[in-house]
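All remarks here apply to the structure that follows.
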Amino acid sequence: MRTYKILMSNLGYARGISGSLADHLRYAHRHFYCSPEIQKTSLRQLSELIADEDPDICCFMEIDKGSFTSAGLNQLQELINEKYRFFDIEIKYAVKSRLVSFPISKGKSNAYLAKHNFAHEKLYFDSGMKRLIYK
């Protein structure tokens, strides 16, 4: 039986906020708009972690595929490279939700990045706001 190493992370949309209350207050404006430079700095740190840990698959929650608040930056594109070239990114809300097209939430996604082409399915919970799960 083959084993796989999985890295899973809630990226918090790569806003450069540590998660502390002080950081959330200090950088509250980044929740509404965050420059590509700030995001790319956070994503470079994540790329270094991925290189150090060398997982087979990386699973991401709260990654942005190009919303108003991320200045249109597709964060997953910043992580794809020769070693990790298989991926999927999808809006995390219900397919028919108004949040899919609302400017602030449009682009808010879940994603994976992998070394190999894994078969996958997208499943959605029947209720709740954030519904997407990858199988």
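Note that the structure is predicted; figures quoted are calculated from it, not measured. Only this structure's heavy atoms are used, side chains among them; waters, hydrogens and symmetry mates stay out.
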Shortest non-hydrogen contact from [X] toward [Y]:
{"X": "Gln75", "Y": "Ala14", "result": "NE2-CB, 3.7 Å"}
{"X": "Arg30", "Y": "Gly16", "result": "NH1-O, 3.3 Å"}
{"X": "Asn110", "Y": "Ile63", "result": "C-CG2, 4.0 Å"}
{"X": "Ser67", "Y": "Gly107", "result": "CB-CA, 4.4 Å"}
{"X": "Ala71", "Y": "Tyr33", "result": "CB-OH, 3.4 Å"}
{"X": "Tyr93", "Y": "Met129", "result": "CD2-O, 3.3 Å"}

N/O donor-acceptor pair under 3.5 Å between [X] side chain and [Y] backbone:
{"X": "Ser105", "Y": "Ser101", "answer": "no"}
{"X": "Arg131", "Y": "Gly128", "answer": "yes"}
{"X": "Tyr124", "Y": "Lys130", "answer": "no"}

Give me the one residue out of Thr69, Val100, Leu99, Ile91 that meets side chain to side chain contact (heavy atoms under 4.5 Å, CB included) with Lys108.
Thr69

What class does the angle between the rings of Tyr4 and Phe118 fall in, given that below 30° is parallel, 30 to 60° is tilted and above 60° is perpendicular?
perpendicular

Side chains of [X] and [Y], heavy atoms from C-beta outward: is any pair under 4.5 Å?
{"X": "Leu132", "Y": "Phe125", "answer": "no"}
{"X": "Gln39", "Y": "Ser70", "answer": "yes"}
{"X": "Lys83", "Y": "Leu113", "answer": "no"}
{"X": "Arg85", "Y": "Asn117", "answer": "no"}
{"X": "Lys5", "Y": "Glu53", "answer": "yes"}
{"X": "Ser109", "Y": "Glu90", "answer": "no"}
{"X": "Pro55", "Y": "Ile50", "answer": "yes"}

Hydrophobic cluster membership, with links at side-chain heavy-atom distances under 4.5 Å among I/L/V/M/F/W/Y: are [X] and [Y] in one?
{"X": "Ile57", "Y": "Phe87", "result": "no"}
{"X": "Leu76", "Y": "Tyr13", "result": "no"}
{"X": "Leu46", "Y": "Ile17", "result": "no"}
{"X": "Phe60", "Y": "Tyr112", "result": "no"}
{"X": "Leu11", "Y": "Ile38", "result": "no"}

Looking only at side-chain N and O atoms, does Arg44 offer a donor or acceptor that is under 3.5 Å from a partner on Ser47?
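The answer is no; no qualifying pair exists.
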
I want to check a possible cation-pi pair here: Lys106 against Phe68, using under 6.0 Å from ring centre and within 45° of the ring axis as the test.
no

Taking the six-membered ring for Trp, are His116 and Phe86 closer than 6.0 Å centroid to centroid?
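They do not qualify: ring centres at least 6.0 Å apart.
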
